[in-house]
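Remarks on the structure that follows.
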Amino acid sequence: MPAIESKLASILARVQKPARYLGNEWNSVHKDHSGVAVRMALAFPDLYEIGMSNQGLKILYESVNSRPEMLMERVFAAATDMEELMRQHGLPLFALESQRPLADFDVIGFSLQYELSYTNVLNMIDLSGIPLYSDQRNEQDPLVIGGGSCAYNPEPMSAFFDLFVLGEAEEVLPEMLAELVRLKSENLERKEILTRLSALEGIYIPALYQPVYDKGVLKGLKKLDSRAPVQIIKKAVADLDRVSYPTAPVVPYIQTVHDRAVIELFRGCGKGCRFCQAGFIFRPVRRRSRQNIIETAKALIAATGYDEISLSSLSSSDYPQIDTLISDMKEALSASRVRCSLPSLRLDSYSVKLADQLHQGRRSSLTFAPEAATERLRLVINKNISEEDIFTALGDAVKAGWQGFKLYFMIGLPTETDQDVEAIVTLCRDIRRNFGQKGKRSLNLSVSVATFVPKAHTPFQWEPQLSRPEVLERQQILRSGFKTMPGVNFSWHDVETSFLEAVFARGDRQLAPLIERAWRLGCRFDGWTEHFNFQLWRQAFQELDLNAESYAYRRFSYDEQLPWNHLHCGVNKEIFIREHRQSLAVDLPQRSGQ
Amino acid sequence: MMRIRFSFERKMPLAYISHLDMLRLFLRALSRSRLPLAYSQGYNPHPRFTLALPLPLGITAGEEYGEVFFADKIMPDQFINVLQPQLPEALVLTGSAAVDPEEPSLASLVSAASYCCTLKSSSSVTVKLELLQAALDRLMAKEEILALRKTKKNKTTYTNVRPYIIEVSVKNADQSKLLEFSLLLQTGSQGGVSPGYVIGQLEPEPGAGNLHAYDWQIRRERLYFKQNGSMQPLSERR
Ligand code: SF4
C-alpha cells in the first residue's frame, strides 16, 4: 500500500516519538493476509510503551499467531500529536505489522485493563473509520471485541462492543476465532453469527440483552434471544504448563515501562485481600512447574537477548520453595549474566531474604504495599500483616543494605477513620526513627497513597467510594503530616481520577452516551495527568443530566441488581457477602460514622 | 581479550530510534548471538560495547562505527556472520577488523562527519541554485556564526560554530525540485554543529523561496579522524 506508506513517512518525520509506530521489531510476526482464514488486530488503548509492557498482550499474540490459519497484529493508541497529523492527512489507524488499516481486519480486539482508557477506545474505533456503536455496524465491518479485567463489568462500554471475552482468553480466543471462520463460511449474517458465538463458554454478546429499569433503578436484564445464556461464566486456563507461552515475544526498539523478559510463575493469588479484584477474578491459583519455568526462561533469554527476567505473578514470594527456584534460575542463566527480579514482594522477612538473594550490586529501594497503617484496618481488608512483621522485615532490609523503601497505601477504605489515616504518617515517622539514622546515609521513603475504588466481583463491590470532600480532607491530613518529615517523598492520587474510575468500575449501560460525549469534547488519555481534563467530564455529566455520583458514592444493597450480575467470575455472591460481613465485623467499637 | 571494530549502515526506519535504544538493540543482538562478550569490572558489570557517535533522530547513516570487546578470540568475519542474522534488516554490517586493545577509543578518534542532505520540494516553490550558492558563499565568508547552546547547568550561551563547518557545497537535480547539500562538519569532544542547523542558516534573497517548503532527508555518509591536520575517513585507518 504505497499510499499509506508515503503518507506515513512524512507524518513520522514530524511526530515526537516515531518509533512507536514502526512495527517490524525483533520477533514481530508477519503473515500473509491472504494466506489465513481470520485476521485479528489486538488493540491496546494506550501508548505503545504501556501496551508493550502488558504480559497479556504477548500471551494472546503468541496464542493466535502460533496457529497457522490465523494472524494477529498489534495496534496502540496514537499519541495526540500523531492523531492530529493522521486526521489531517486522512490516514486511518493501521496495524503495526502490515500497516493495513484496521477496517481490513475481521476482528479488532481491545485489551481493557483500565477504566480511564475508555475514551481512547472510542478514539481508536473512530480513527479506524468504523462506526462507534455496535448496532451501527454492518456486515463488512470488523467485529469489535474486548477482554481483560474491565470486561468483568463492561456495561458502560457494552454499546460499543459486539462481543466480550470473560476471563483468560488464551484458549477461548482462538476457539472463538475458529468458530467465527466456520460460521462465516455458512454465510450467516453478522447478528446470527454473534448469537451463535454466545454458545461458547466465556463469550458475552451485550446486544442479546436489554437492561430493564424502574425509575432509574436497574431491575435486571431481559434476554432478546432465547439462545442467549442467562449467565456468562468466566473461562480460566486449567493447567498453565499445557498452554503455549510467549518464549519469543516482540522486543521493542524503544524503552517500554517493563523492558525485560517476563516469566509467569503462577496465576491467581491465594491471599484474598477484600479490595483486590485480581485476587478474585484470577482464581484458582495455578502454578507453572519449576522445570517449565526454568526451561521457558532459558528460551526467553535466547530469543530476546534481554539482560533481565522478571519472575512475575500477583504475589511471587508465595511460589512454593521460591528460594530454590531462584537459585536454580540463577544457575540456568549464569552464562548469559541475566538478572532476575521479583516484582511483587510480601512485606515479611522471608521476602526480604529473597530480595537479597536476587540482588547484587547497589540496593536502592524495595517496594511494599501495606495498604493500611493500622492493624484493625488491615484486618478489615484482610491484608493480614502485623506491625511487628513490618518492622522486622524493614529492619532486615536495612541491615542488608537497602537504602530506601517505597510504600503503597490506600485511603477511603471501608470503616476507615481519620485515625487510620493519621496512622500512615505515624508509621512512616516510626520507620524513619527506627532505621533512618543508621550509618551515614539517611533512609529514603517514598509513600504513595491511592484512593480506594470499589470494584466489581470483590467483597467491597457494594461499598461506596469516600466522598470528594472527605478524600480531600484525608489527603490534607497526609500532606500536613508529611510536610514536616524530611526525606519522605509523598504522592497521592488525584481525587477526580479515582472518582471516574469508581463510576466506570460500578457503572451500567446508561454511561455509554457519557463516554461518547466526553470523547467528542476532546477527552483522551484520561489516565495521564497531563491530558486529564475533569472540566470536560463535568460538562458531559451536565449535558446528559447524569448523576455520576450515584455510581461512585452510593452504597449498593445486597439484594439489588448489580450491573454485572449476569457475569460470573467463579466466586459466588454468598462468599462475597460473607467476606463483606466479616470485614465489617472487625473490632466494631472503633468504627465511626456508620 | 579481543577488540573488534565494525562499520554498519543504518537505514530507514531505524533512524527513528535514539542512541540509547540503539545501544540496547546491539547489546540484545550480541546476547542472542552468544558471542563471548567481555564485561567491565565493578559493581554492575556491563558488556564493553560502544558506538562511535550518536546519530540525531531522523537521520540515516551510510557508515557508522562501533566497537566491542570479547573475552575469547573471534574472527572479524565470524563476527559479521554471527551477528548479522540477529540484526533488523535496516542495520547492515559492512566491515569488521580486529583492533589493538590499546588503541584510543572510537569516540575520541572521531572528529568529523560528512552528510548528504536532500531537500525535496513538495510544492511548486523552489529556490534558484545561483541564489542558494550565493547565500552559501556569504555564510562561509562569515568569521562568526553564533549558535544558542544549552550549558550543563541549564543555562544558555552563544557558541561560535563557524570553525566547525569544514566544507559545504550544493547542487541540484530534477529542475530545482531536488537540492542536494554535501557537508563536512566537525564533531566530537572538540565541539560540533548539526547539518540541519547549518542549512537552516542559509538566507537566499528575499522572495527567492523558502527552504522550509522542502521535505528534508539527511544521511550521514562517513566518519572522519584527524591525521596530520587533515580529515581522513575512518575506513582509511589501519
Ligand atoms: S492485593 Fe496482592 S496479595 Fe492481596 S489478593 Fe490482591 S494480589 Fe493477592
Side-chain angles (χ1 to χ4, degrees), chain A residues 5-28 30 48-49 52 82 89 96 99 248-256 259-261 298-309 333-339 359-364 401, chain B residues 10-49 56-60 71-72 82-83 85-91 118-123 196 212-218:
Chain A
E5 249 172 52
S6 71
K7 263 188 207 167
L8 185 58
S10 84
I11 288 178
L12 285 184
R14 280 182 284 160
V15 296
Q16 210 188 20
K17 274 205 171 181
R20 285 169 176 156
Y21 316 103
L22 298 183
N24 258 310
E25 310 96 310
W26 194 254
N27 290 333
S28 60
H30 300 259
Y48 178 90
E49 298 92 304
M52 281 306 290
M82 181 72 170
H89 288 77
L96 292 186
Q99 300 191 343
V250 174
V251 184
Y253 284 134
I254 54 173
Q255 199 166 17
T256 56
D259 208 8
R260 54 185 88 96
K298 284 202 270 188
L300 263 167
I301 296 304
T304 60
Y306 277 120
D307 61 359
E308 182 179 351
I309 186 162
L333 300 176
S334 62
S336 39
R337 304 216 184 199
V338 173
R339 278 172 291 134
H359 208 92
Q360 270 86 44
R362 223 172 75 88
R363 297 183 164 176
S364 47
Chain B
R10 181 171 167 177
K11 301 193 254 191
M12 272 299 176
L14 277 201
Y16 286 132
I17 72 171
S18 71
H19 184 61
L20 274 178
D21 290 328
M22 199 60 183
L23 287 172
R24 270 189 285 266
L25 186 157
F26 267 109
L27 287 177
R28 286 170 190 160
L30 281 162
S31 153
R32 292 191 298 264
S33 76
R34 307 208 177 187
L35 288 165
L37 289 169
Y39 284 78
S40 64
Q41 306 290 309
Y43 235 168
N44 257 324
H46 48 266
R48 296 186 56 189
F49 176 87
L57 220 61
I59 300 188
T60 56
D72 294 330
V82 176
L83 186 58
Q86 300 299 331
L87 293 174
E89 271 170 44
L91 286 182
T118 318
L119 275 67
K120 212 189 291 177
S121 175
S122 47
S123 67
H212 290 292
Y214 288 72
D215 269 342
W216 293 35
Q217 262 175 29
I218 308 180

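All values reported here derive from a predicted model rather than from experimental measurement. Within every chain, numbering begins at 1; the chains are lettered A, B, ... in the order of the sequence lines, protein sequences first and strands thereafter.
Taken from CG in A:L12 to OH in B:Y16, the straight-line distance is 5.5 Å, to the nearest 0.5 Å. With rounding to the nearest 0.5 angstrom, the CD1 atom of B:I17 is 10.5 Å from the CD atom of A:E25. Taking CD from B:E89 and CG from A:N24, the interatomic distance works out to 7.0 Å, rounded to the nearest 0.5 Å.
With chain B as the partner, the residue from A:P18, A:A303, A:A19, A:A13 showing the most heavy-atom pairs under 4.5 Å is A:P18.
The contact between B:P45 and chain A is made entirely by side chain atoms (from C-beta outward), counting heavy-atom distances below 4.5 Å. Both the backbone and the side chain of A:I254 come within contact range of chain B, judged by heavy atoms closer than 4.5 Å. With a threshold of 4.5 angstrom between heavy atoms, A:D259 approaches chain B through its backbone and through its side chain. When heavy atoms are compared at a cutoff of 4.5 Å, A:V338 does not approach chain B at all. Both the backbone and the side chain of B:Q86 come within contact range of chain A, judged by heavy atoms closer than 4.5 Å.
The salt bridge (charged side-chain N to carboxylate O under 4.0 Å, His left out) contacts involving residues 9-19 of chain A comprise A:K17-A:E49, where partners must be two or more places apart or lie in separate chains.
At least one side-chain heavy atom of B:R28 sits under 4.5 Å from a side-chain heavy atom of A:V251. Inter-residue side-chain proximity for B:P88 and A:Y253 is flagged as met; some heavy-atom pair is nearer than 4.5 Å.
For residues 29-38 of chain B, heavy-atom neighbours of chain A at less than 4.5 Å comprise B:S31, B:R32, B:R34, sorted by residue number.
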